2 protein chains.
Amino acid sequence: MVISSKTLPDKTVERLSQYRRNLLICLAKGKQHIFSHEIAQLHHITPVQVRRDIMLIGYSGTLRKGYDVKELIDLIGKILDTDEGLRVGVIGVGNLGRSLIGYFNGKRSKLSIVAGFDANPDKVDKVYAGVHCYHFDKLSEIIARENISIGIITVPAEQAADVAEKLVIAGIKGILNFTPKPLNVSPHVYLQEYDMVTSLEKVAYFVKKQAGI
Amino acid sequence: MVISSKTLPDKTVERLSQYRRNLLICLAKGKQHIFSHEIAQLHHITPVQVRRDIMLIGYSGTLRKGYDVKELIDLIGKILDTDEGLRVGVIGVGNLGRSLIGYFNGKRSKLSIVAGFDANPDKVDKVYAGVHCYHFDKLSEIIARENISIGIITVPAEQAADVAEKLVIAGIKGILNFTPKPLNVSPHVYLQEYDMVTSLEKVAYFVKKQAGI
DNA sequence: ATAACATTGTTATTTTATTAACAAGTAACG
DNA sequence: CGTTACTTGTTAATAAAATAACAATGTTAT
Ligand SMILES: NC(=O)c1ccc[n+]([C@@H]2O[C@H](COP(=O)([O-])OP(=O)(O)OC[C@H]3O[C@@H](n4cnc5c(N)ncnc54)[C@H](O)[C@@H]3O)[C@@H](O)[C@H]2O)c1
Ligand SMILES: NC(=O)c1ccc[n+]([C@@H]2O[C@H](COP(=O)([O-])OP(=O)(O)OC[C@H]3O[C@@H](n4cnc5c(N)ncnc54)[C@H](O)[C@@H]3O)[C@@H](O)[C@H]2O)c1
């Protein structure tokens with residue numbers, strides 16, 4: 001099987017995830033086929049882009065019928081998911097952490113939040129939306145035992161660097177950092193950061209531009 | 001004043017926001033000058049990129065001394081902020097909405113969350129982290145009265161389209177959508193969407209690739 | 001049947017973003 | 001003072017992403 005042997009462009013991976021999300025909704029609605037321009041419209045992009053992405057993963061639709069929704073979902077799954085799925089831990093079970101756990105819980109079958117970690121004794125050994133919260137001291141132990149490969153960091157910014165370091169030592173493979181603190185991790189660990197303030201400032205900038213202020 | 005008359009590239013705007021965040025921290029620590037390679041390291045990018053971004057906003061550092069932290073912060077402010085600031089409303093004061101309000105509150109002087117909206121009577125007229133929650137029915141009225149130009153959508157996905165439509169009617173200028181529901185808004189409204197699941201799936205994909213699974 | 005049309009798949013082109021290259025110039029040091 | 005070393009600013013080159021162009025071909029209408 002040659003499919004997906006080469007690494008896909010960053011942006012394509014993002015869009016595939018988004019396509020799948022909506023394809024699942026289409027499928028639930030009983031829609032069996034979908035055209036590139038329909039997918040495109042949902043995502044505010046061009047049909048060409050959609051076809052190109054789909055080409056890159058080696059799938060073919062049927063002429064004048066479009067893509068088979070179920071087949072496409074399955075193939076995107078083959079690309080994005082691993083067979084046994086990946087296991088995720090959330091470090092910092094505060095407002096954002098709990099909110100993420102609650103949101104995520106039961107969404108994706110192949111990607112599951114299996115543990116929370118917190119330094120506050122009040123939170124330890126509590127269960128949030130079905131996820132057990134462990135003491136931060138047990139990070140390494142639990143990561144190994146539960147076979148966790150991805151960590152989501154939602155501790156206060158001052159703690160983020162320390163948490164990241166311990167995650168790396170514990171053998172984590174990927175980190176999603178929601179704190180505004182920039183992290184330095186070994187290059188073998190895939191790191192992604194998101195800051196909501198940056199998103200909002202970007203919106204503000206373009207609003208300002210549009211208004212000609 | 002010619003500065004910033006042309007629209008900056010998307011990515012540059014994002015980075016400027018990030019630079020500022022860390023420059024503020026540097027300033028607080030008493031650091032007065034900073035080199036391009038120092039900024040670069042914080043953000044996992046190259047010094048050239050930093051210099052290029054700074055060039056684009058028309059700022060000049062001093063040779064062998066780097067950039068004046070305070071001046072650079074001020075200039076980025078001139079680019080990203082408006083004089084009187086922009087006012088933001090959060091629609092959906094649930095787990096995520098409250099978490100964002102709490103996080104944002106008192107962070108940025110020029111961008112402030114001034115109102116929450118919710119359809120649940122239990123939440124209406126409560127105050128969350130200093131932000132008054134109004135009934136969703138009052139959306140238009142309050143947006144006009146409070147001069148709100150940006151809306152953050154954190155309602156359940158099924159409600160998102162309706163909320164977006166009403167925001168546009170109410171004259172909002174920019175939307176930050178945290179629901180997984182793709183929205184259609186008038187092209188005059190700047191729309192940005194973020195889905196945490198996509199971020200996580202992207203991390204998972206690259207973890208998978210690295211592992212050679 | 002045949003023409004007109006719609007839609008895919010793919011290559012070519014354009015645009016945008018990043019990186020490299022290097023001239024210019026200043027601080028620090030002798 | 002003169003030299004060395006470093007850092008900026010900018011142009012040029014490269015890479016990545018998006019768009020356009022269009023051939024191929026199945027479908028529908030006549
Ligand atoms: N709340 C948001 O919407 C939001 C948005 C963007 C970014 N952030 C960032 O996310 C982070 C968390 O935000 P929050 O609002 O959830 O804060 P919070 O204070 O509610 O939660 C932080 C949690 O981390 C725990 N903690 C502290 N030190 C720890 C450690 N060393 N190990 C493990 N757990 C530890 C605390 O006990 C607490 O439960 C912050 O850095 C914030 O900047 C939050
Ligand atoms: N929680 C997260 O971390 C997270 C992460 C990513 C995305 N999201 C998305 O954000 C949205 C909200 O998530 P949540 O966890 O906060 O859910 P939630 O149920 O806690 O909050 C939703 C809130 O919206 C209110 N609401 C419902 N209909 C409304 C309407 N028409 N107008 C105004 N308010 C209305 C509800 O009363 C509730 O308070 C969901 O779409 C979810 O998919 C959440």
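Computed from heavy atoms alone, side chains included, the values below leave out hydrogens, waters and symmetry copies. For clarity, every value in this text was computed on a predicted model and none was experimentally measured. Below, chain A is the first sequence line, B the second, and so on; all start at residue 1.
In this structure, Ser60(A) reaches the dG9(C) phosphate: one of its side-chain N or O atoms is under 4.0 Å from OP1 or OP2.
Ser36(A) comes within contact range of the sugar-phosphate backbone alone, with a heavy-atom separation under 4.0 Å but no base atom that close. Residue Pro9(A) is classed as a sugar-phosphate contact, given heavy-atom separations below 4.0 Å to backbone atoms only.
Shown for residues 187-202 of chain A: no residue has heavy atoms falling under 4.0 angstrom of DNA chain C. Using a 4.0 Å cut-off on heavy atoms, the residues of residues 63-72 of chain B that approach DNA chain C are Leu63(B), Arg64(B), listed by number.
Atom-to-atom, CD of Gln49(A) to P of dA18(D) comes out at 5 Å; the value is rounded to the nearest Å. One can place CD1 of Ile54(A) at 11 Å from C1' of dG9(C), the figure rounded to the nearest angstrom. Atom NE2 of His33(A) and atom C1' of dT7(C) are 13 Å apart (whole Å). Remark: P of dG9(D) and NE2 of His37(B) are 14 Å apart, rounded to the nearest angstrom. Rounded to an integer number of Å, the gap from Phe35(A) CZ to dC5(C) P is 17 Å. If you take NZ of Lys11(B) and P of dA15(D), they are 18 Å apart, rounded to a whole angstrom. Atom pair Asp53(A):CG and dA17(D):C1' shows a separation of 10 Å (rounding to whole Å applied). Atom CD1 in Ile57(B) sits about 11 Å away from atom P in dG9(D), given to the nearest Å.
Proximity of a side-chain donor or acceptor of Arg98(B) to a complementary backbone N or O of Val93(B) within less than 3.5 Å is detected. Proximity of a side-chain donor or acceptor of Tyr205(B) to a complementary backbone N or O of Leu8(A) within less than 3.5 Å is detected. No side-chain donor-acceptor contact under 3.5 Å links Arg20(B) to the backbone of Ile76(B). No donor-acceptor pair under 3.5 Å is formed between the side chain of Ser112(B) and the backbone N or O of Asn105(B). In this structure, Glu38(A) contributes its side chain and Phe35(A) its backbone to a donor-acceptor pair below 3.5 Å. The closest donor-acceptor contact from the side chain of Asp195(A) to the backbone of Pro180(A) lies at 3.5 Å or more, if one exists at all. A donor-acceptor pair under 3.5 Å links the side-chain atoms of His43(B) to the main chain of Gln18(B), judged by distance alone.
Ring-plane geometry between Tyr67(A) and Tyr59(A) is classed as tilted, the angle between the planes lying from 30 to 60 degrees on a 0 to 90 degree scale. Relative ring orientation between Phe206(A) and Tyr190(B) is described as parallel, the plane-to-plane angle staying below 30° on a 0-90° scale split at 30° and 60°.
Salt-bridge check for Lys70(A) with Asp74(A): passed, with a basic side-chain N closer than 4.0 Å to an acidic carboxylate O. Salt bridge annotation for Lys208(B)-Asp81(A): absent, with no cationic side-chain nitrogen under 4.0 angstrom from a carboxylate oxygen. Here Lys11(B) does not pair with Asp53(B) in a salt bridge; the nearest charged N to carboxylate O distance is not below 4.0 Å.
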Check nucleotides 20-22 of chain C for protein N or O atoms closer than 3.5 Å to its own N or O atoms and list the pairs.
none

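Taking the nucleotide of DNA chain C with the nearest heavy atom to each of Met55(A) and Ile45(B), the more 5' of the two is matched to Met55(A).
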